[in-house]
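Have a look at the structure below, then the notes.
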4 protein chains.
Amino acid sequence: MTADQDNHGPAGRPRSEEARQAVLNAVDDLLVEIGYAAMTMKNIAERAQVSRQTVYRWWSTKAEILFEACAEDATDELAIVPSGVTVTDIAAYLSALIEFLSRSPSGIAYRALVGEAQHSKEVAALLATSDILLNSAIEVLEGLTDSSRRTASPETAARLIAPVFYWIFSGKDPKALVATALADIFVNECPAA
Amino acid sequence: MTADQDNHGPAGRPRSEEARQAVLNAVDDLLVEIGYAAMTMKNIAERAQVSRQTVYRWWSTKAEILFEACAEDATDELAIVPSGVTVTDIAAYLSALIEFLSRSPSGIAYRALVGEAQHSKEVAALLATSDILLNSAIEVLEGLTDSSRRTASPETAARLIAPVFYWIFSGKDPKALVATALADIFVNECPAA
Amino acid sequence: MTADQDNHGPAGRPRSEEARQAVLNAVDDLLVEIGYAAMTMKNIAERAQVSRQTVYRWWSTKAEILFEACAEDATDELAIVPSGVTVTDIAAYLSALIEFLSRSPSGIAYRALVGEAQHSKEVAALLATSDILLNSAIEVLEGLTDSSRRTASPETAARLIAPVFYWIFSGKDPKALVATALADIFVNECPAA
Amino acid sequence: MTADQDNHGPAGRPRSEEARQAVLNAVDDLLVEIGYAAMTMKNIAERAQVSRQTVYRWWSTKAEILFEACAEDATDELAIVPSGVTVTDIAAYLSALIEFLSRSPSGIAYRALVGEAQHSKEVAALLATSDILLNSAIEVLEGLTDSSRRTASPETAARLIAPVFYWIFSGKDPKALVATALADIFVNECPAA
DNA sequence: GGCTAATCGAGACGGTACGTCACGTCTTACT
DNA sequence: AGTAAGACGTGACGTACCGTCTCGATTAGCC
């Protein structure tokens, strides 16, 4: 009779992990199929085969669900395998970033959330809890082998992200961007070359 | 069949310019007072003291009204008086841009529209008809006295805008941005100077 | 151009009489088919092929609709053709009253409303606007040829109604009531006989 | 055949009498505080500090609980102490009946139940198991000293109850009723006296 | 003292009606 | 033909209660 283990879980029926996953999957699917604007709490619930009340019990808005659904995917998609060569790594990261923001379901979700955040304090606060993009860039910078010279500061990371971010969020064709942005970066990063 | 009047305008009562202005003003006011999300076609009509039908007759969505309402204001607010000194002009422009996007009613409207455009083809198409930001930057570049060296290309203009755009749309504090962004620009633009 | 006829109706689209009748009919039908308890604003609207909003626009509760639907029917069903013979008229009225309360759709609606009124101030107030039963009895009394002797007072009318009312509302078999109630009345009315 | 103890109660934890009383009390309180319509199985459980499941285990509907809660109270409140004088006893009973139906919590509960019974077979069946009012009247009649003349029949009892029942259930002011009803009864009951 | 079995509390579950809101369309009469 | 007014069908909103279902914990009688 060990004393240290009357770790009573909370009373009552435990939350259904099945329902939670069903909702997160439903949100992912619906985003691709009908888009963010057409998503409603109602059709999320129906798609997940879950009651509307259950959705509201755990999330207040579709933005919250979307954020929970896409946060971890984003981290994976924006990570790169360091090659040891700075230029290669940065190019790979920028490609991944462009791909993420313009094609990936998670990235599209992220864009929708950033869009909402422009006119919603709640969504803005939600996104502020974890700066997915900036963190991914910082991580890449920290993996560079010649990082002795450059500290992986948020400012540097921002310099990496800004052009891609601007082009995509302002609705420009990301294909045309690749060359320009990369050139831009490399000119700035290696002025003496 | 009177002679001097075959200037057949369309038959019937002409469009009420009064109603048009009332709607545009109402949209401006409401954006400040209740925000973009809470704006509806219904309360726009009520605020403008105009019938709902009249609003729908001339605009399809609140985004359209907002775009019409803020487009010209934006042009004014983002214009600068050339000083003849490149650094001064660019600094002035960036200040105006930051002010516009983070404080001005028109700028807040613009941010809301760009936000919507992330998940709405229609709004995206609307914004694509006139790239307000890029045009303003190009105009500034063209006004520079040493523009002989630098062509006022969209790429250069984008380089000017991107950092500000990214910081503000990603929800970062624009105050912290000023120093960083300006420093960034000037280092890049005039490395050899 | 006659001066006295610019009797402007109220502005806007006029109320749809079609919708109104559809709702009243739907309520009548549903009461018989599924009963008062199972009736909801939702299925009333669906049955009437009318939007839920339209139902709410004109009535607050199902009790209100029911009252409007049954009030006039009740008046018809509780009227009798005077025969000139007091005993005959009263017997006819009591039969009609029993039939109304125990079989007629309108009467069943009326019973449901009186039931609700026991625990709802609103419904009680609604019923108080017009005492359907008492009025019908008074009218019968006023039609009697020997009414010179008896004034058609509410008290007398109540004495007529009370036994039937009690038997039916307390759930007793109305068939067994007929003889008893009539005997009761006639003994009371004609003590000297 | 063991003598004194093959009274095997069912295995398992016995029903909590405490919980039963808490529910009945909660129903009484809630009826007075928020009324019948606003009472729900949910807030009954909360008020009784009992789980919802426990309520459902022993009662199906709030009507069942209410009936159990008010039945015995009613019997007490409608009993009178026989005085030996017929007129006095009947007057006392009618006063008690009026008081019960128009003021007493149990009586209000009873009215609510009779109300529900108008459109609910289940509640009607519940009330049919014991005709609280009629029984109370019969008991009074049986206690009369001159009952040699009048058999205490249900019909006579009904004649006593009907006017009060009608006046109160049809929403009329019970104060105005007292004089009328009593006069009515006494004229009818003792015409020759 | 363990076993069995029904109770208790808590609280999540799918379901459904609630009453409100805005949508975009329509039907009036007026200008 | 444009306009204000306002009713219409549609459908999502967020809330409430329904009755059911897990859970762990409790409380009896029986072996």
Side-chain angles (χ1 to χ4, degrees), chain A residues 6-16 18-20 38-46 48-58 60-62, chain B residues 9-16 18-19 38-46 48-58 60-62, chain C residues 6-16 18-20 38-45 49-58 60-62, chain D residues 5 7-16 18-19 38-46 49-58 60-62:
Chain A
D6 43 16
N7 185 12
H8 305 327
R13 181 174 177 172
R15 175 173 182 183
S16 163
E18 193 177 359
R20 178 175 170 272
M39 273 177 48
T40 64
M41 294 297 259
K42 186 166 190 276
N43 58 21
I44 291 170
E46 282 164 1
Q49 308 241 65
V50 145
S51 86
R52 221 143 55 85
Q53 182 67 84
T54 294
V55 179
Y56 280 111
R57 200 178 342 257
W58 303 109
S60 294
T61 62
K62 60 178 175 178
Chain B
R13 182 173 176 175
R15 175 173 182 183
S16 160
E18 192 177 359
M39 273 177 49
T40 65
M41 294 297 259
K42 188 167 190 274
N43 58 21
I44 290 170
E46 282 164 1
Q49 307 242 64
V50 146
S51 86
R52 226 137 48 87
Q53 184 67 79
T54 296
V55 179
Y56 281 113
R57 201 179 341 257
W58 303 110
S60 294
T61 63
K62 61 177 175 178
Chain C
D6 43 16
N7 185 10
H8 305 328
R13 181 175 177 172
R15 174 172 181 184
S16 163
E18 193 178 358
R20 178 176 170 271
M39 272 177 50
T40 64
M41 294 297 259
K42 187 166 190 278
N43 59 19
I44 290 169
Q49 308 241 65
V50 146
S51 85
R52 220 142 54 87
Q53 182 68 86
T54 295
V55 179
Y56 280 111
R57 201 179 339 257
W58 302 108
S60 295
T61 63
K62 60 178 176 177
Chain D
Q5 196 186 345
N7 186 10
H8 301 325
R13 182 175 177 173
R15 175 174 181 183
S16 161
E18 194 178 357
M39 272 177 49
T40 65
M41 294 297 258
K42 186 166 189 274
N43 59 19
I44 290 169
E46 282 165 1
Q49 308 241 65
V50 145
S51 85
R52 226 137 49 88
Q53 183 68 80
T54 296
V55 180
Y56 280 113
R57 197 171 354 247
W58 304 109
S60 294
T61 63
K62 62 176 174 177

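Just so we're on the same page: letters track the sequence lines, and every chain starts at 1.
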Item to complete: Output yes when at least one side-chain N/O atom of A:Arg57 is less than 4.0 Å from OP1 or OP2 of E:dC13, else no.
Response: yes

Worksheet, complete the sentence: Here the distance between atom C1' of E:dG9 and atom CD of D:Glu18, to the nearest Å, is 13 Å

Practice prompt. Any chance you could measure D:Ser16, atom OG, to D:Arg57, atom CZ, to the nearest 0.5 Å?
Written response: 10.5 Å

Worksheet item: Are C:Trp58 and F:dG6 close enough that a side-chain N or O sits under 4.0 Å from OP1 or OP2?
Response: no

Worksheet item: Given atom CD1 of B:Ile44 and atom C1' of F:dA4, what is their separation to the nearest angstrom?
Response: 18 Å

Worksheet, complete the sentence: Rounded to the nearest 0.5 Å, the NZ atom of D:Lys62 sits from the CG atom of D:Asn43 at a distance of 8.5 Å

Fill in: Closest to side chain of D:Thr40, choosing from F:dC8, F:dC17, F:dG19
F:dC17

Item to complete: Specify the separation, in whole Å, of atom CZ of A:Arg20 and atom P of E:dC13.
Response: 12 Å

Worksheet entry | Nearest-angstrom distance from the residue atom NZ of D:Lys42 to C1' of F:dC18 | 11 Å

Practice prompt. Return no unless some side-chain N or O of D:Thr54 is found under 4.0 Å from OP1 or OP2 of E:dG9.
Written response: yes

Worksheet item: If each of B:Ala19 and A:Ala11 is mapped to the nucleotide of DNA chain F with the nearest heavy atom, which maps nearer the 5' terminus, i.e. the 5' end?
Response: B:Ala19

Worksheet item: So which nucleotide from E:dT7, E:dA12, F:dT22 ends up closest to the side chain of D:Gln53?
Response: F:dT22

Item to complete: Starting from C1' on E:dC23, measure out to CG on B:Asn43 and report it in whole angstrom.
Response: 13 Å

Item to complete: Hey, which sits more toward the 5' end of DNA chain E by its nearest nucleotide, B:Lys62 or A:Gln49?
Response: A:Gln49

Worksheet item: Can you tell me how far the CD atom of B:Glu18 sits from the CD atom of B:Gln49, to the nearest 0.5 Å?
Response: 10.5 Å

Worksheet item: Quick one: on DNA chain E, does C:Thr61 or D:Arg15 contact a more 5' nucleotide (nearest heavy atom)?
Response: D:Arg15

Worksheet entry | For atom OH of C:Tyr56 and atom P of E:dA17, their distance in whole Å | 11 Å

Item to complete: Please round to the nearest 0.5 Å and tell me the distance separating atom CE of C:Met41 and atom OG of C:Ser60.
Response: 7.0 Å

Response to the item:
Whole-Å distance, B:Glu46 CD to F:dA5 P, equals 10 Å

Worksheet item: Any idea which of E:dT7, E:dT28, F:dG2 is nearest the C:Pro14 side chain?
Response: E:dT28

Worksheet, complete the sentence: Interatomic distance, CH2@D:Trp58 vs CZ@D:Arg15, rounded to 0.5 Å, equals 5.0 Å

Worksheet item: Does B:Arg52 place a side-chain N or O at less than 4.0 Å from the phosphate oxygens OP1/OP2 of E:dC23?
Response: no

Worksheet entry | Side-chain-base donor-acceptor pair under 3.5 Å for A:Arg13 and E:dC13 | no

Worksheet entry | First encountered from the 5' end of DNA chain F, between C:Val50 and D:Met41 | C:Val50

